[in-house]
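Working notes for the structure below.
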Amino acid sequence: MNVADLPPQGSAPILEDKTRGVFRVRRSVFTDPAVLERERRVLFAHCWLYAAHESELAAPASFVARNVGGRPLLLNRDRQGHLNAFFNSCRHRGALVCREDRGRARNFTCPYHGWVYGDDGRLLHQPIDTSYTDACKSDPALGLKRVARVETSSGFIFVCFDAAAMALDDYLAGAAEYLKLISSQGPDGMEIVGGTQKYCAHANWKLLQENSVDGYHAESTHATYLGYIRNREGTVLNNYGQAFGQVRNLGNGHAVSESVNATPWGRPCARWMPSWGEDVKAELDRNFAEIASRIGEEQATFLCRGDRNMLIFPNLIVNDVSGLTIRVVYPVRHDYFEVNAWALAAKGESARIRDLRLKNYVEFLGPGGLATPDDQEMLELCQRGYAADPEEGWNDLSRGMADEQQGRANKVDEFQLRVFWRRWAELMQREPELAR
Ligand code: FES
Ligand code: FE
């Protein structure tokens, strides 16, 4: 196919030619503010979005306040034990009611004029309320507005701003099974460790979604990190470049890329590295046996010895690799995104394993680690490169098109990226109210 054969600007953003094994994405989807406007109306207003993990709201009266899909939310566990998701905006004149990121609170007092809301969202008090009519004071619409939908899957809390959206389990499709598997790393469940890691990049948000499940870039972008690990650990699991693993389309734009015993780092779940020492090896063996007793030897091998990078459409990534991270990206502008990321770990694991887990997490996945800054740099280079030909430029994502048609896909191909883009294009072409 020649560039001259490509559709003109203003037509389809995706070009797919199965006969010739070509898949291309128009670069204007990364550079056009109008595309972002439509993404906000079509995707972020109708898709299920990750908001928090249940472990963050385990204690009575606990809350977290964070932006989800660009909207300030307040999620809490009220005194009755119910999980609530409110918009963090006062019903009086709109101020953020809660200014803390997390904590415990039975009531929420707006800092502007002092309206007080209960932990169930009801308006409890208006200072100097003699100036309000009884009808106004008792109006239930003055309580904190609830987000239309909030549901959980294996401890992952999702919200949706569309009351008519499909159920979360249906939306997650095959990804729900993976969330369940990933959450089997400890007998007592999983917990978020520490706070939120926040970082940003001057690039389009979709570039991070692509990058997070792209195995093709690892050997070049992460040469420093991979060289460091190989030097440290000797020849153990030194076959990353040859280990293709597999990729699965999980439905609704979600995809996972995975492999077993094919990456050079250790997994605190239960894949030992020489530098961790013999005492840790014995403990990881016990961990493996415990996990196998719950989910079976085969699944335990897959979980503990394997790595997986999962994209949940549109903006969630769960990377279960050297560490376990939950990562959400949101586009502040078409060329600037912000990330919230959290480390997830098995509850009750020993201090030694927890220490290794967090070191591993920070070393590779942390915003100041040996890998994430490299990725950020590449995404910004892409965004800058798009200025070369903003009207007519295309990205090529054709790797593995022929294999895909034979039902095969490996993690250094771009099948997982195409899963994302096909869903993106399908929803973006619909009217906003139908993008469910
Ligand atoms: Fe909240 Fe006035 S804006 S009390
Ligand atoms: Fe990377």
Side-chain angles (χ1 to χ4, degrees), residues 182 185 193-194 197-201 203 207-208 210-245 257-284 287 303-310 317-327 339 341-346 349-382 410-412:
I182 287 166
Q185 297 188 18
V193 183
Q197 298 187 16
K198 301 181 180 183
Y199 53 98
C200 58
L207 290 172
L208 184 62
E210 288 186 342
N211 169 266
S212 299
V213 290
D214 171 31
Y216 190 30
H217 75 283
E219 284 284 354
S220 49
T221 299
H222 300 308
T224 303
Y225 172 75
L226 293 172
Y228 161 70
I229 293 293
R230 284 166 179 152
N231 285 340
R232 192 180 75 188
E233 307 294 346
T235 56
V236 176
L237 301 176
N238 200 17
N239 59 342
Y240 185 87
Q242 291 74 47
F244 291 154
S257 123
E258 54 198 349
S259 58
V260 176
N261 279 335
T263 47
W265 49 75
R267 281 176 49 70
C269 178
R271 194 174 77 201
W272 178 77
M273 285 286 107
S275 65
W276 291 354
E278 288 298 321
D279 55 331
V280 170
K281 186 170 195 296
E283 183 171 355
L284 289 186
N287 280 359
L303 173 63
C304 300
R305 317 298 198 214
D307 298 84
R308 55 205 57 82
N309 299 66
M310 180 162 62
I317 293 290
V318 181
N319 280 343
D320 184 20
V321 288
S322 58
L324 175 47
T325 185
I326 302 171
R327 177 196 287 166
V339 174
W342 300 268
L344 190 64
E349 64 187 5
S350 73
R352 178 85 179 105
I353 298 297
R354 178 61 60 90
D355 184 51
L356 281 171
R357 177 187 290 280
L358 294 182
K359 278 186 178 140
N360 251 23
Y361 178 92
V362 168
E363 185 175 86
F364 184 75
L365 298 162
L370 289 169
T372 294
D374 293 334
D375 287 316
Q376 302 290 95
E377 170 76 2
M378 295 307 126
L379 307 189
E380 293 192 347
L381 290 182
C382 290
N410 71 60
K411 61 194 283 184
V412 294

Please check if any side-chain donor atom of Asn287 sits under 3.5 Å from a side-chain acceptor atom of Gln185, or the reverse.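 The criterion, which ignores hydrogens and geometry beyond distance, is not satisfied for Gln185 and Asn287.
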Nearest non-hydrogen partners of [X] and [Y], listed with the distance:
X: Arg267; Y: Cys304; answer: NE-O, 3.1 Å
X: Pro268; Y: Asn360; answer: CD-ND2, 3.8 Å
X: Val193; Y: Ala345; answer: CG2-CB, 3.6 Å
X: Lys411; Y: Ser259; answer: NZ-OG, 2.9 Å
X: Glu233; Y: Pro274; answer: OE1-CD, 3.1 Å

pair [X]-[Y]: side-chain heavy atoms closer than 4.5 Å:
X: Ile353; Y: Leu284; value: yes
X: Trp272; Y: Arg305; value: no
X: Ile326; Y: Ile317; value: no
X: Asp375; Y: His222; value: yes
X: Cys200; Y: Val339; value: no
X: Tyr199; Y: Gln376; value: yes
X: Leu324; Y: Asn319; value: no
X: Ser257; Y: Arg308; value: no

[atom1]-[atom2] distance between [X] and [Y], expressed to the nearest 0.5 angstrom:
X: Asp320; Y: Leu303; atom1: CG; atom2: CG; value: 6.5 Å
X: Asp214; Y: Leu208; atom1: CG; atom2: CG; value: 11.5 Å
X: Lys281; Y: Trp276; atom1: NZ; atom2: CH2; value: 12.5 Å
X: Leu356; Y: Ser322; atom1: CG; atom2: OG; value: 11.5 Å
X: Asn231; Y: Ser275; atom1: CG; atom2: OG; value: 12.0 Å

Would Glu349 and Arg357 count as a salt bridge (charged side-chain N to carboxylate O under 4.0 Å, His left out) here? Give the steps. CA-CA 10 Å; Glu349 64 187 5; Arg357 177 187 290 280; 2.8 Å; yes
Might you work through the salt bridge (charged side-chain N to carboxylate O under 4.0 Å, His left out) test for Glu219 and Arg230, ending with a clear yes or no? CA-CA 12 Å; Glu219 284 284 354; Arg230 284 166 179 152; 3.0 Å; yes
Table please: side-chain donor-acceptor pairs of residues 361-372 below 3.5 Å, with sequence neighbours left out.
from	atom 1	to	atom 2	distance (Å)
Tyr361	OH	Thr325	OG1	3.2
Glu363	OE2	Tyr228	OH	3.4
Glu363	OE2	Arg232	NH1	3.1
Thr372	OG1	Phe364	O	3.4
Thr372	OG1	Leu365	O	2.9

Checking side-chain contact (heavy atoms from CB on, under 4.5 Å) for the pair Arg327/Ser212: CA distance, chi angles, key distance, verdict? CA-CA 10 Å; Arg327 177 196 287 166; Ser212 299; 2.8 Å; yes
Could you list the residues that satisfy salt bridge (charged side-chain N to carboxylate O under 4.0 Å, His left out) with Asp307, not counting sequence neighbours?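 Asp307 satisfies salt bridge (charged side-chain N to carboxylate O under 4.0 Å, His left out) with Arg271 once adjacent residues are dropped.
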